[in-house]
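One structure below.
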2 protein chains.
Amino acid sequence: MEKEVTIYDIARLLKLSPATVSRALKDHPAISAGTKRLITAAAEEMGYRSNTFASNLRRQRSNTIGVIVPRLDSAFMSTVLAGMEKIVNEGNYNLIISQSLESVRKEKANVKTMFDSRIDGLLVSLSSDTDDLSHFQPFFQKEIPVILFDRVLPHPNCTSIVIDNVRAGYDAAVHLVRQGRKRMMHVSGSQKRNVYEERLRGFRQALAEHGLADDLVLVGNLTRQDGLDAARYIRQLPQPPDGLFVASDFCAASCIGALKEAGFAIPNDIAVVGFNDDPVAQVVEPRLTTIRYPGQEMGEIAAQSLISHLSGQPPVTAANTIVLNHELIVRGSSTP
Amino acid sequence: MEKEVTIYDIARLLKLSPATVSRALKDHPAISAGTKRLITAAAEEMGYRSNTFASNLRRQRSNTIGVIVPRLDSAFMSTVLAGMEKIVNEGNYNLIISQSLESVRKEKANVKTMFDSRIDGLLVSLSSDTDDLSHFQPFFQKEIPVILFDRVLPHPNCTSIVIDNVRAGYDAAVHLVRQGRKRMMHVSGSQKRNVYEERLRGFRQALAEHGLADDLVLVGNLTRQDGLDAARYIRQLPQPPDGLFVASDFCAASCIGALKEAGFAIPNDIAVVGFNDDPVAQVVEPRLTTIRYPGQEMGEIAAQSLISHLSGQPPVTAANTIVLNHELIVRGSSTP
DNA sequence: TTGTACGCGTTATCAG
DNA sequence: CTGATAACGCGTACAA
């Protein structure tokens with residue numbers, strides 16, 4: 001390993017002080033244009049690179065943002081991450097990423113690792129069995145900003161970026177009602193998570209308003225298998241539903257496949273609405289009606305607000321929750 | 001911001017030297033069990049956390065691994081990343097991730113950022129228009145290991161993790177031949193990238209061996225739109241193909257949709273084979289025959305070899321390329 | 001088994 | 001506009 005060039009080396013060569021070199025390299029206003037040119041040229045020439053470790057040590061910050069997601073291999077999360085990376089990169093931060101694999105235990109470990117790595121801020125989407133935010137206490141204590149997105153829990157110290165899941169569930173149900181459906185079913189995920197609990201709540205609210213029963217609710221993990229299981233369940237019902245709202249597209253798609261095999265016509269026998277506008281929504285037949293919600297944008301906004309928080313703005317307690325718009329995309333699975 | 005506890009604080013409290021504290025905290029053998037217990041207890045009590053910056057500065061390494069992928073929002077890449085995160089996390093490293101968005105320009109910028117962040121090693125899948133590895137020169141010079149995966153370019157200083165794409169293309173074509181298909185078409189991606197160039201090569205090789213023409217080849221970006229375009233192209237052919245191999249499942253799925261709308265029966269008129277075993281493969285109708293290749297495993301192996309390289313092993317020039325197995329998954333899109 | 005003392009490379013403060 | 005100097009917190013020869 002050859003030696004690294006330091007600002008001392010440059011200073012010595014140019015007969016200047018390390019301080020001047022340091023300032024010139026950061027484009028400090030108090031350095032004459034001439035010396036700056038001299039120094040940057042020499043730095044380039046000598047193959048200098050700033051030592052992040054030393055700089056971090058001195059400045060007490062890392063210019064790094066941490067992200068914890070439930071799963072890396074999810075279509076939705078990957079668009080969110082893409083959005084975050086874009087913004088973070090433009091803002092000259094680094095992104096360090098880890099996954100909780102839907103376990104609080106691992107989430108806690110990740111939080112600790114992030115804390116020990118001295119990230120400047122944290123972006124989190126909670127695991128499916130996280131009950132509270134006590135493991136973020138160290139961050140709160142040090143006033144390191146934590147921003148929750150999508151799967152959140154209310155907390156005075158956290159900004160949350162979400163969509164109105166109650167409303168989205170409501171919209172889905174109303175859409176089915178408008179298609180003349182009377183007997184509605186919903187397939188949902190862990191009720192500990194706002195996203196699923198709220199979608200169900202909105203669904204129920206809409207049914208109540210229309211005087212319909214809301215007794216058909218299946219709670220699972222919204223996997224492919226859960227979709228198949230839901231279809232099997234439906235097949236055995238004496239009175240199967242004619243409207244189906246599934247809180248995830250992939251699960252909805254696999255369910256549609258199984259329902260068709262079982263002889264149900266989609267949408268005639270059962271109209272289906274999914275959630276996310278996942279790529280599969282445009283591939284399954286019939287194309288899936290769904291609630292679109294902007295993953296990329298959610299990532300960008302989360303990253304953006306974290307960064308702006310980091311660069312000055314005092315704790316913006318004003319906007320503690322940012323709600324993005326969602327949109328019902330009507331396709332063939334719910335309309336003739 | 002309250003003050004951080006340092007090893008000096010602990011030392012002072014316990015009337016020991018900072019050196020002893022430092023050693024005890026790292027479980028150095030030369031420290032008595034008693035003192036160790038004392039020190040770790042005090043550290044816990046006082047809320048001490050090791051200062052990574054100082055430690056990095058001193059040790060000249062970051063315990064951080066960089067990853068550059070073409071796109072974060074890709075089903076395949078996200079499984080790879082999931083695999084990497086798993087291993088890296090277990091090995092007590094951090095993962096910093098960025099995306100090139102298929103542009104060399106951005107890839108270069110990312111490489112530079114990674115270099116300046118002093119990561120201990122780099123994992124890369126190349127952008128679609130990367131011609132050479134000259135931008136990795138700084139890493140090679142400093143002997144910082146660079147491992148390429150999936151989209152690679154041969155280089156003496158790099159280990160590559162790949163599948164045998166030639167063979168995979170060959171397998172796909174032979175499968176179509178065995179289904180009795182005579183007129184074959186292939187939809188591929190940027191020929192600068194090994195993965196696509198090699199799949200095409202294998203495809204051609206198989207056709208040649210069976211005395212079939214290989215003049216029907218479309219090169220695009222393998223997007224949804226490219227799938228639709230391919231279908232439109234096929235529709236206008238006086239003599240459409242009866243066998244179709246598409247180098248990506250998502251593109252294949254959208255193509256199948258359009259072909260069916262245009263009146264082609266799948267697989268009777270056209271048998272289709274995709275690539276990746278993407279989730280959509282199991283949703284499209286008929287289910288898509290495809291080449292499965294282990295993204296998660298590829299990520300795990302890439303991370304694993306990087307880490308083992310970092311912890312001792314001298315430049316393993318022995319295995320410069322690691323080839324993983326792929327598998328043809330036969331489904332309804334190619335067999336009656 | 002423990003302590004002393006120095007350096008890792010920056011940047012901030014203060015002085016000129 | 002530039003320079004001297006002092007931290008930042010840790011790890012490690014070397015000494016005891």
Side-chain angles (χ1 to χ4, degrees), chain A residues 1-40 42-43 46-64 92 94 115-120 142, chain B residues 1-43 46-64 92 115-120 142:
Chain A
M1 183 101 69
E2 322 98 65
K3 283 217 182 50
E4 287 278 346
V5 180
T6 75
I7 51 173
Y8 285 92
D9 301 325
I10 302 181
R12 205 173 309 123
L13 182 76
L14 263 35
K15 301 202 200 294
L16 286 168
S17 84
T20 308
V21 176
S22 171
R23 288 192 271 246
L25 258 16
K26 324 228 67 163
D27 206 20
H28 187 111
I31 302 290
S32 81
T35 357
K36 265 182 198 164
R37 232 173 297 124
L38 221 62
I39 291 177
T40 46
M46 304 169 70
Y48 167 82
R49 62 169 172 165
S50 144
N51 186 321
T52 330
F53 303 154
S55 174
N56 286 349
L57 175 58
R58 192 49 236 247
R59 297 179 310 127
Q60 310 269 41
R61 60 195 308 241
S62 60
N63 257 258
T64 296
N92 274 106
N94 284 326
F115 185 65
D116 291 342
S117 325
R118 311 212 168 199
I119 53 173
D120 295 341
K142 286 235 169 316
Chain B
M1 181 104 66
E2 322 97 65
K3 283 216 182 49
E4 286 280 344
V5 180
T6 74
I7 50 173
Y8 287 91
D9 301 325
I10 302 180
R12 204 173 309 124
L13 182 76
L14 264 37
K15 300 201 204 287
L16 286 168
S17 84
T20 308
V21 176
S22 171
R23 289 192 269 249
L25 257 17
K26 323 229 65 162
D27 207 20
H28 188 112
I31 302 292
S32 82
T35 354
K36 266 184 197 164
R37 231 172 299 125
L38 220 62
I39 291 176
T40 47
M46 306 169 71
Y48 167 80
R49 63 169 172 165
S50 145
N51 186 322
T52 331
F53 304 153
S55 172
N56 287 348
L57 176 58
R58 194 50 238 250
R59 296 179 310 127
Q60 310 268 41
R61 59 192 310 240
S62 59
N63 258 260
T64 296
N92 272 107
F115 185 65
D116 290 343
S117 325
R118 313 217 167 195
I119 55 174
D120 295 343
K142 286 236 168 316

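Below, chains carry the letters A, B, ... as their sequence lines are ordered, and counting in each starts from 1. Model, not experiment: these values are computed from the prediction.
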Evaluation steps, side-chain contact (heavy atoms from CB on, under 4.5 Å), between B:V21 and B:L14:
CA-CA 9 Å; B:V21 176; B:L14 264 37; 5.7 Å; no

Please list each protein N or O that sits under 3.5 Å from an N or O in nucleotides 1-4 of chain D, with the distance.
{"unit_1": "D:dT2", "atom_1": "OP1", "unit_2": "A:T35", "atom_2": "OG1", "d": "3.1"}
{"unit_1": "D:dT2", "atom_1": "OP2", "unit_2": "A:S32", "atom_2": "N", "d": "3.1"}
{"unit_1": "D:dT2", "atom_1": "OP2", "unit_2": "A:T35", "atom_2": "OG1", "d": "3.1"}
{"unit_1": "D:dG3", "atom_1": "OP2", "unit_2": "A:S17", "atom_2": "N", "d": "3.0"}
{"unit_1": "D:dG3", "atom_1": "OP2", "unit_2": "A:S17", "atom_2": "OG", "d": "3.4"}
{"unit_1": "D:dG3", "atom_1": "OP2", "unit_2": "A:T20", "atom_2": "OG1", "d": "2.4"}
{"unit_1": "D:dG3", "atom_1": "N7", "unit_2": "A:R23", "atom_2": "NH2", "d": "2.6"}
{"unit_1": "D:dG3", "atom_1": "O6", "unit_2": "A:R23", "atom_2": "NH1", "d": "3.2"}
{"unit_1": "D:dG3", "atom_1": "O6", "unit_2": "A:R23", "atom_2": "NH2", "d": "3.0"}

DNA chain C contacts among residues 47-56 of chain B, heavy-atom distance under 4.0 Å
none

In whole Å, what is the span from the CZ atom of A:R59 to the P atom of D:dG9?
15 Å

Can you name the closest pair of heavy atoms from A:N63 and A:N92 and give their distance?
OD1-O, 3.1 Å

Terminal axes of the helix from C:dT1-D:dA16 to C:dG16-D:dC1 (five pairs each): angle between them, nearest 10 degrees
30°

Atom OH of A:Y48 and atom OG1 of A:T40: how far apart are they, to the nearest 0.5 Å?
12.5 Å

What integer distance in Å separates B:D9:CG from D:dC10:C1'?
13 Å

Report yes or no: does B:T35 contribute a side-chain atom to a donor-acceptor pair with the main-chain N or O of B:I31 at less than 3.5 Å?
no

I need the B:L16 CG to B:L38 CG distance, nearest 0.5 Å.
7.0 Å

Look at the side chain of B:K36 and the backbone N and O of B:H28, then say whether any donor-acceptor pair between them is shorter than 3.5 Å.
yes

What's the spacing between B:L25 CG and B:T20 OG1 if we round to 0.5 Å?
11.0 Å

Hits for side chain to side chain contact (heavy atoms under 4.5 Å, CB included) against A:R118, two or more places apart or cross-chain, chain-then-number order -> B:E4, B:R49, B:N51, B:T52, B:F53

Out of D:dC10, D:dA6, D:dG9, which nucleotide sits closest to the side chain of A:L57?
D:dG9

For atom CD of A:Q60 and atom P of D:dC10, their distance in whole Å:
11 Å

Just by distance, do the side chain of B:D120 and the backbone of B:S62 share a donor-acceptor pair under 3.5 Å?
yes

Short question: side chain of B:S117, backbone of B:I119 - any donor-acceptor pair under 3.5 Å?
no

Could you list the residues that satisfy side chain to side chain contact (heavy atoms under 4.5 Å, CB included) with A:R12, not counting sequence neighbours?
A:Y8, A:D9

Rounded distance [0.5 Å steps], OG in A:S22 versus CD1 in A:I10
10.0 Å

Integer-rounded Å distance: D:dG11 C1' and B:N63 CG:
15 Å

Within a 6.0 Å radius of atom CZ on A:R37, are there more than 12 heavy atoms belonging to other residues, nucleotides or ligands?
no

Check every nucleotide of DNA chain C for an atom under 4.0 Å from a heavy-atom of chain A, then give the first and the last such nucleotide from 5' to 3'.
C:dG9 to C:dT13

For A:T6, report the nucleic acid contact type (base, sugar-phosphate, nothing); a contact means any heavy atom under 4.0 Å.
sugar-phosphate

